[in-house]
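Position 1 is the first residue of the sequence; numbering continues from there.
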Amino acid sequence: MGKEPVRHGGRTVGYVTSAAYGHTIERPIAYAWLPAELAQPGTQVEISYFGRRVPAEVAAEPLYDPGMEKIRR
């Protein structure tokens with residue numbers, strides 16, 4: 001939806017700017033504003049979504065399946 005809080009270490013540190021399902025990687029994707037020190041691939045965060053805390057991991061870009069192997073299944 002957008003503007004969902006992103007949490008790390010028990011505090012809100014950023015917010016989601018957009019989200020969608022990545023069909024070629026078969027996972028949800030959320031883009032978010034984060035402090036530079038937390039924007040490292042592998043950093044574990046949580047996204048607050050309708051009262052739930054959804055675990056998430058900062059990933060390196062680009063997020064894609066270059067051989068399109070997953071989409072062809």
A.B. asks: Are F50 and V54 in one and the same hydrophobic cluster, where Ile, Leu, Val, Met, Phe, Trp and Tyr link if side-chain heavy atoms are under 4.5 Å apart?
C.D. replies: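 F50 and V54: one cluster.
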
A.B. asks: Search all heavy atoms of E4 against all heavy atoms of S48 and return the closest pair with its distance.
C.D. replies: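 The pair with the smallest heavy-atom distance is CB-O, 3.2 Å.
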
A.B. asks: Do any side-chain atoms of residues 34-46 form donor-acceptor pairs under 3.5 angstrom with protein atoms, and if so which ones, sequence neighbours left out?
C.D. replies:
from: T43; atom 1: OG1; to: L38; atom 2: O; distance (Å): 3.4
from: T43; atom 1: OG1; to: Q40; atom 2: O; distance (Å): 2.8
from: Q44; atom 1: NE2; to: G42; atom 2: O; distance (Å): 3.2
from: Q44; atom 1: NE2; to: E57; atom 2: OE1; distance (Å): 3.2

A.B. asks: Got a donor-acceptor contact below 3.5 angstrom from the S18 side chain to the Y31 backbone?
C.D. replies: no

A.B. asks: Please enumerate all residues that pass side chain to side chain contact (heavy atoms under 4.5 Å, CB included) together with P28, with sequence neighbours excluded.
C.D. replies: Y21

A.B. asks: Quick one: closest heavy-atom pair of R7 and V13, and the distance?
C.D. replies: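 R7 and V13 have their closest heavy atoms at C-CG2, 4.2 Å.
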
A.B. asks: To check you understand the geometry: which heavy-atom pair defines the closest contact between T17 and W33, and what is its length?
C.D. replies: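 Minimum heavy-atom separation between T17 and W33: CG2-CD1, 3.0 Å.
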
A.B. asks: Suppose we screen for side chain to side chain donor-acceptor pair (under 3.5 Å). Which residues come up paired with R53, at least two apart in sequence or across chains?
C.D. replies: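 Per chain and number, R53 pairs via side chain to side chain donor-acceptor pair (under 3.5 Å) with no residue.
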
